[in-house]
2 protein chains.
Amino acid sequence: MTQTSKCCRPPAFARLIEPRFFKALSDPNRIALLVRLARCRRPCSVSELNACCPVDLSVVSRHLAVLRDAGLLEARRRGKEVFYSVQCDRIVTTLRRIADAVEACCPRGRK
Amino acid sequence: MTQTSKCCRPPAFARLIEPRFFKALSDPNRIALLVRLARCRRPCSVSELNACCPVDLSVVSRHLAVLRDAGLLEARRRGKEVFYSVQCDRIVTTLRRIADAVEACCPRGRK
DNA sequence: TGCTCGTTTGCGTCATTGTGCAAGTATACG
DNA sequence: CGTATACTTGCACAATGACGCAAACGAGCA
């Protein structure tokens, strides 16, 4: 009798990991944008964020939209500008939940 | 005076987030493979893992190689078969480190 | 040595994605 | 109104990635 039927049953492990979330972080420019935004500790406009990316402003705008749609950023318009900020709670919670689920499946050897 | 110069300085925040790591998790089939492997709690062969993916065996092999190259899986040959297992420590550590770094940049509102 | 099984790799195809440019939208200001 | 500023979206194109099939590779076995 194998261990297959005795698999751990974390709360919806599979659904915990959304491709869109990770796809958003699979591009160097998007990571740079997120890091820049996190390090600034305050909402930043698109033009401001363009400083960390050697690409066209329209590309930055699109990258930010991807991060926003994936739930990593939040967008808020103030006047003519749109300020993006990091969805800290969501990111931290998501990462920790996955870490916990993985750990629950591989409890031994936690050296 | 802005907060820009007072950005948090987590240990190599930018390098903490590797595109390759997240790119590996950006595909549904690869996530399915990882989840299946984690739930089984033991090394599985390529043919075995093919059960959770409706794609050709060669595609599964390639997906596993991507996960291995990203440091998410480990491969070990035993006879004719190759057994893949989850690199739990590495995954858990990576996710928690990123979570900590993000949290450090957004300390307030940690409701 | 041949043969088989399990896995990987080469190749062609098709879909997706990142990019720049140009045009469009939204808001403020005169 | 019209204009300027900030951003988004349409379009075309190049690069990347997922996929299946067939061939190659590697380990065991007769």
Side-chain angles (χ1 to χ4, degrees), chain A residues 2 4 14 17-37 40 42-86, chain B residues 2 4 14 17-37 40 42-86:
Chain A
T2 73
T4 309
I17 312 184
E18 297 175 39
R20 201 175 48 161
F21 182 92
F22 292 97
K23 191 170 296 208
L25 291 172
S26 67
D27 181 82
N29 283 330
R30 281 198 291 268
I31 291 179
L33 288 166
L34 181 69
V35 168
R36 157 93 183 209
L37 206 44
C40 281
R42 61 173 174 81
C44 292
S45 69
V46 180
S47 306
E48 225 173 341
L49 292 167
N50 194 17
C52 74
C53 281
V55 294
D56 194 80
L57 180 71
S58 67
V59 176
V60 171
S61 174
R62 256 185 285 252
H63 280 318
L64 292 172
V66 170
L67 289 165
R68 167 174 46 79
D69 293 343
L72 294 151
L73 300 184
E74 188 194 21
R76 192 180 301 262
R77 175 177 281 274
R78 202 158 55 195
K80 288 183 290 188
E81 294 166 285
V82 175
F83 287 87
Y84 284 87
S85 53
V86 182
Chain B
T2 72
T4 310
I17 311 184
E18 297 175 39
R20 202 176 48 163
F21 182 91
F22 293 97
K23 192 169 296 206
L25 291 172
S26 67
D27 181 83
N29 283 329
R30 281 199 291 269
I31 291 179
L33 288 166
L34 180 69
V35 169
R36 156 92 184 211
L37 206 43
C40 281
R42 60 172 175 81
C44 292
S45 68
V46 180
S47 304
E48 224 172 342
L49 292 167
N50 194 17
C52 73
C53 282
V55 295
D56 194 80
L57 181 71
S58 66
V59 177
V60 171
S61 174
R62 256 186 284 253
H63 279 320
L64 292 171
V66 170
L67 290 165
R68 167 173 47 78
D69 293 342
L72 294 152
L73 300 185
E74 188 194 21
R76 193 179 300 262
R77 175 177 281 274
R78 202 158 54 194
K80 287 184 290 189
E81 294 166 284
V82 175
F83 287 87
Y84 284 86
S85 53
V86 181

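Throughout, protein chains are lettered first and strands after them, A, B, ... in sequence-line order, and every chain is numbered starting at 1.
Within the 4.5 Å cutoff, no side-chain heavy atoms of B/Ser85 are placed close to those of B/Leu37. Between B/Val59 and B/His63, the closest side-chain pair of non-hydrogen atoms falls below 4.5 Å. Contact annotation: the side chain of A/Leu72 never approaches that of A/Val86 to less than 4.5 Å [non-hydrogen atoms, C-beta and beyond]. Between A/Asn29 and A/Pro54, the closest side-chain pair of non-hydrogen atoms falls below 4.5 Å. For the pair B/Pro19 and A/Asp27, the minimum side-chain heavy-atom distance is 4.5 Å or more.
Closest to the A/Leu57 side chain, of the nucleotides D/dG17, C/dT8, D/dT8, is D/dT8. Here the nucleotide nearest the side chain of A/Glu81, chosen from C/dT7, D/dA18, D/dA6, is D/dA6. For A/Val59, whose side chain is taken as the heavy atoms from C-beta onward, the closest listed nucleotide among D/dC7, C/dG6, C/dT19 is C/dT19. The side chain of B/Asp56 has D/dG20 as its nearest neighbour among D/dG20, C/dT7, D/dC7.
Of the residues in residues 62-75 of chain B, those with a non-hydrogen atom less than 4.0 angstrom from any atom of DNA chain D are B/Arg62, B/His63.
For B/Lys80 and D/dA30, the NZ to C1' distance is 12 Å, given to the nearest whole Å. Taking atom CG of A/Asn29 as the reference point, atom C1' of C/dT17 lies 13 Å away to the nearest angstrom. Distance, A/Lys23 NZ to D/dA18 P: 8 Å, rounded to whole Å. Atom C1' of nucleotide C/dT16 and atom CZ of A/Arg30 are separated by 12 Å, given to the nearest angstrom. One can place CG of B/Asp27 at 11 Å from C1' of D/dC19, the figure rounded to the nearest angstrom. If you measure from atom CZ of A/Arg77 to atom C1' of C/dA28, you get 11 Å, rounded to the nearest angstrom. Atom CZ in A/Arg20 sits about 16 Å away from atom C1' in C/dT17, given to the nearest Å. Spacing between atom CG of A/Leu25 and atom C1' of C/dG18 amounts to 16 Å, rounded to whole angstrom units.
Counting non-hydrogen atoms under 4.0 angstrom, A/Arg78 reaches nothing in the nucleic acid. If you check every strand for non-hydrogen atoms under 4.0 Å, B/Tyr84 touches sugar and phosphate atoms only.
The main-chain N or O of B/Asn50 is never found under 3.5 Å from a side-chain atom of B/Arg36 such that the two would form a donor-acceptor pair. With hydrogens and angles disregarded, a donor-acceptor distance shorter than 3.5 Å links the side chain of A/Arg20 to the backbone of A/Asp69.
Phosphate contact (OP1/OP2 of C/dG6, side-chain N/O of B/Asn50, threshold under 4.0 Å): absent.
Applying the 3.5 Å distance criterion, the base of C/dC21 shares a donor-acceptor pair with the side chain of A/Ser58.
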